[in-house]
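Before any comments, here is the structure.
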Amino acid sequence: MRLSRYFLPVLKEDPKEAQIVSHRLMLRAGMIKQQTAGIYSWLPLGYKVLDRIQQIVHQEQQRAGHIPLLMPTLQPADLWRESGRYDDYGEEMLRIKDRHKRDLLYGPTNEEMITDIFRSHVSSYKDLPLTLYHIQWKFRDEIRPRFGVMRGREFLMKDGYNFDLTKEDALHAYNRHLVSYLRSYERMGLQAIPMRADGGPIGGDYTHEFLVLAETGESEVFYDSEITDLTFGDREIDYDSVEQCQAVLEEFTSRYARTDETHDQAIFDKVPEDRRRTARGIEVGQIFYFGTKYSEPMGATVVGPDGARVPVHMGSHGIGVSRLLGAIIEANHDEKGIIWPEGVTPFHVGIVNLKQGDPSTDSACEALYRELKAKGLDPLYDDRDERAGAKFATMDLIGLPWRITVGPRGLANNKVELTNRRSGESEEIAPQDAVARLDEIYRPVLAAAKL
RNA sequence: CGGGGCGUAGCGCAGCCUGGUAGCGCGACGGUUUUGGGUACCGUAGGCCGGAGGUUCGAAUCCUCUCGCCCCGACCA
């Protein structure tokens with residue numbers, strides 16, 4: 001993309017309403033525009049990152065064998081009356097009447113609807129196991145939306161639902177989700193720690209929240225420092241293998257890691273003192289096994305091998321897709337702006353032409369732009385007639401991980417500058433070597449995107 | 001919902017107390033200048049001062065009502 005033809009309304013000054021760094025940077029980098037409290041337009045740069053995150057989530061869910069579909073944002077109230085949640089949900093649910101005075105609601109989640117779909121079409125154990133998911137906008141009428149996309153009222157969420165014949169099968173689905181989430185967050189450049197969560201009235205040990213450590217997190221967390229040494233890495237996993245998935249669960253959940261909701265000081269005290277950590281975290285996902293809570297009242301049953309009709313065991317599993325933008329920025333920024341991890345960056349590399357209009361720099365930039373695209377990379381070429389300082393400031397703000405600086409001085413020796421946004425380190429290399437380096441750097445990212 | 005604050009040019013703000021032709025910085029646009037980290041100067045455009053009502057010869061300013069937004073708290077992917 002040529003910046004002169006793009007739509008990137010960056011702000012030089014901090015918008016006064018933005019209190020935390022991710023919100024401030026998203027506004028300044030021209031990623032979002034607030035339309036009303038807790039509701040945002042996604043401007044091109046923000047939309048591009050949102051899209052990259054969605055792609056990762058889609059790929060990892062499908063890799064785990066989960067099936068995508070799409071349910072509507074508006075739902076009939078009757079489904080929620082069946083589960084009993086229409087009255088329970090309270091003010092957070094946005095209720096709407098259509099012209100026929102029928103009660104609708106803007107979905108805050110989709111357990112009822114997915115259960116309805118399931119019961120309409122599935123009646124045999126032979127169709128199980130089944131996990132369906134979608135990525136769709138949700139609405140929860142928060143008392144006080146804040147922190148930009150971190151606590152919006154309208155938000156994009158991936159929510160998946162597993163249907164299994166037995167509790168054991170459903171727990172395998174739970175484990176599959178845990179593994180796929182670990183992979184997803186790592187591809188986004190995030191460390192998200194599974195922490196024992198509060199199951200609410202349903203209770204049980206079968207729910208974990210995924211927390212990204214950040215000073216501005218809304219939850220207080222307590223953990224054994226050994227857990228932050230764990231990475232999933234590029235290990236191969238067979239999602240059908242109960243043993244393998246169970247092993248990952250045990251590996252990642254055996255150490256102490258809890259939010260303030262479930263924190264137990266007596267157990268925490270057994271962690272060696274030098275490994276005890278207290279911090280703050282942002283919740284970016286949750287997995288939950290809830291058995292027959294919805295299948296029973298809503299009649300989602302299958303006929304088992306013994307001929308008996310039984311309610312299916314279910315769980316729901318969510319990733320806060322739009323919130324992840326905020327979480328990633330909270331965890332990856334400096335005083336100059338955002339620093340995107342390579343897995344989610346809106347553009348792979350920025351090209352800065354220091355002397356726009358100069359035939360040699362212009363043609364060198366054009367050549368770089370062409371060659372990077374030929375490698376399957378997505379460059380942003382700042383071809384505006386701006387001074388060097390303004391171009392650097394924009395690049396730093398929007399946070400592309402790599403920058404190629406092209407000026408007459410270096411070009412005289414057939415050199416451009418390749419700069420890493422995070423470390424600030426630069427090296428002077430030939431243009432073709434810069435292309436080769438970037439191709440190499442992004443090869444794993446592009447390869448991971450292939451199923 | 002309780003407490004606090006703010007709505008004036010695209011953005012950030014002053015003016016309000018003490019009523020009298022609406023200002024500053026940044027940005028935009030046109031020039032000149034400059035060219036490796038937001039250059040300097042000259043010029044131009046852009047506002048029913050959130051909305052409604054009231055007081056007054058006269059309201060951004062005073063009064064009443066209303067809408068919206070932000071911050072703190074209780075609640076939440």
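Here is the naming used below: chain letters follow the sequence lines, and residue numbers restart at 1 for every chain.
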Notebook entry, point to check: When you compare B:G27 with B:C17, how far apart are their C1' atoms, in angstrom units rounded to a whole number?
Noted result: 32 Å

Next item on the list: Decide yes or no, distance alone: a donor-acceptor N/O pair under 3.5 angstrom between the base of B:G27 and the side-chain of A:Glu13.
Entry: no

Margin query: For the CD atom on A:Gln265, are there more than 12 heavy atoms of other groups (residues, nucleotides or ligands in this structure) within a distance under 6.0 Å?
Written below: yes

Notebook entry, point to check: Below 3.5 Å, does any donor atom in the side chain of A:Arg146 face an acceptor in the base of B:G73, or the other way round?
Noted result: no

Next item on the list: Please report, rounded to the nearest Å, how far the C1' atom of B:C71 is from the CD1 atom of A:Ile20.
Entry: 13 Å

Notebook entry, point to check: Reckon A:Gly318 touches a base, only the sugar-phosphate, or nothing at all at heavy-atom distances under 4.0 Å?
Noted result: nothing

Next item on the list: Would you mind reading off the distance between A:Glu261 atom CD and B:C75 atom P, rounded to a whole angstrom?
Entry: 10 Å

Margin query: Tell me if the CD atom of A:Gln35 is crowded by more than 12 foreign heavy atoms within 6.0 Å.
Written below: yes

Check: When the aromatic ring centroids of A:Tyr133 and A:His66 are compared, is their separation below 6.0 Å?
Finding: no

Check: Does a side chain donor of either A:Tyr294 or A:Arg85 reach within less than 3.5 Å of an acceptor in the other side chain?
Finding: yes

Note to self: Tell me the interatomic distance from A:Asp382, atom CG, to B:G37, atom C1', rounded to whole angstroms.
What the structure shows: 13 Å

Note to self: Could you identify the nucleotide paired to B:U18, looking across every strand shown and requiring Watson-Crick or G-U wobble geometry with both distances under 3.5 Å?
What the structure shows: none

Notebook entry, point to check: Taking the nucleotide of RNA chain B with the closest heavy atom to each, which residue, A:Leu156 or A:Arg144, is nearer the 5' end?
Noted result: A:Arg144

Next item on the list: State which of B:G36, B:C69, B:G37 makes the closest approach to the side chain of A:Gln34.
Entry: B:C69

Notebook entry, point to check: Just how far, in rounded Å, is C1' of B:C70 from CD of A:Gln35?
Noted result: 17 Å

Notebook entry, point to check: Between A:Phe155 and B:A77, do the rings stack, that is, sit under 5.5 Å apart with planes less than 30° off each other?
Noted result: yes

Notebook entry, point to check: Quick one: which of B:C26, B:U34, B:G68 gets closest to the side chain of A:Arg387?
Noted result: B:U34

Next item on the list: Ignoring hydrogens and angles, answer whether the base of B:G38 and the side-chain atoms of A:Glu386 contain a donor-acceptor pair closer than 3.5 Å.
Entry: no

Margin query: Once you apply a heavy-atom cut-off of 4.0 Å, does A:Glu209 come out as touching a base, just sugar-phosphate, or nothing?
Written below: nothing

Note to self: Please classify the nucleic acid contact of A:Thr405 as base, sugar-phosphate, or nothing, using heavy-atom distances under 4.0 Å.
What the structure shows: base

Next item on the list: Could you check A:Gly285 against A:His23 and say which one's nearest nucleotide on RNA chain B is further toward the 5' end?
Entry: A:His23

Next item on the list: Could you tell me whether A:Gly30 contacts a base, only the sugar-phosphate backbone, or nothing, with contacts defined as non-hydrogen atoms closer than 4.0 Å?
Entry: nothing

Check: Is the closest side-chain donor-acceptor distance between A:Asp362 and A:Asn353 under 3.5 Å?
Finding: yes

Checklist line | Nearest-neighbour nucleotide for the A:Lys12 side chain, B:G27, B:G37, B:C69 considered | finding: B:G27

Check: Under 4.0 angstrom, heavy atoms only, what part of the nucleic acid is A:Ala388 near: base, sugar-phosphate, or nothing?
Finding: sugar-phosphate

Notebook entry, point to check: Nearest-Å distance, CD1 (A:Ile319) to P (B:A77)?
Noted result: 15 Å

Check: Across all strands shown, which nucleotide pairs with B:U55 by Watson-Crick or G-U wobble geometry, both distances under 3.5 Å?
Finding: none

Check: Counting just side-chain N and O atoms, does A:Thr36 come under 4.0 Å of either OP1 or OP2 of B:G68?
Finding: no

Notebook entry, point to check: In the structure shown, which nucleotide is the Watson-Crick or G-U wobble counterpart of B:G25, with both distances under 3.5 Å?
Noted result: B:C11

Item checked: Watson-Crick or G-U wobble partner of B:G47, both distances under 3.5 Å -> none

Next item on the list: Give the rounded distance in Å between these two atoms: CE of A:Met395 and P of B:G38.
Entry: 16 Å

Checklist line | B:A60 - base-pair partner by Watson-Crick or wobble geometry, distances under 3.5 Å | finding: none

Margin query: Distance check, C1' atoms only: B:U21 and B:U61, in whole angstrom units.
Written below: 15 Å

Note to self: Let's test this: given Watson-Crick or G-U wobble pairing with both distances under 3.5 Å, identify the partner of B:G30.
What the structure shows: B:C42

Check: Does a side-chain heavy-atom distance below 4.5 Å link A:Gln19 with A:Arg24?
Finding: no

Check: What does A:Ile143 touch in the nucleic acid at a heavy-atom separation under 4.0 angstrom: a base, only the sugar-phosphate, or nothing?
Finding: base

Check: Tell me: CZ of A:Phe7 to P of B:G10, nearest whole Å?
Finding: 15 Å

Notebook entry, point to check: When all nucleic acid strands are considered with a 4.0 Å heavy-atom cut-off, which category describes A:Arg28: base, sugar-phosphate, or nothing?
Noted result: base

Notebook entry, point to check: Is there a donor and acceptor pair closer than 3.5 Å between the side chain of A:Asp396 and the base of B:G37?
Noted result: yes

Notebook entry, point to check: So, for A:Tyr289 and A:Tyr174, is the gap between ring centers shorter than 6.0 Å?
Noted result: no

Next item on the list: Give a yes/no answer on whether the side chain of A:Lys16 brings an N or O atom under 4.0 Å of OP1 or OP2 in B:C11.
Entry: no

Next item on the list: Grab the CZ-C1' distance between A:Arg153 and B:C75 for me, whole Å please.
Entry: 15 Å

Margin query: Under 3.5 Å, is there a donor on one side chain and an acceptor on the other for A:Gln246 and A:Asn175?
Written below: yes

Notebook entry, point to check: Which nucleotide in the set B:G37, B:G68, B:G36 lies at the smallest distance from any side-chain heavy atom of A:Arg403?
Noted result: B:G37

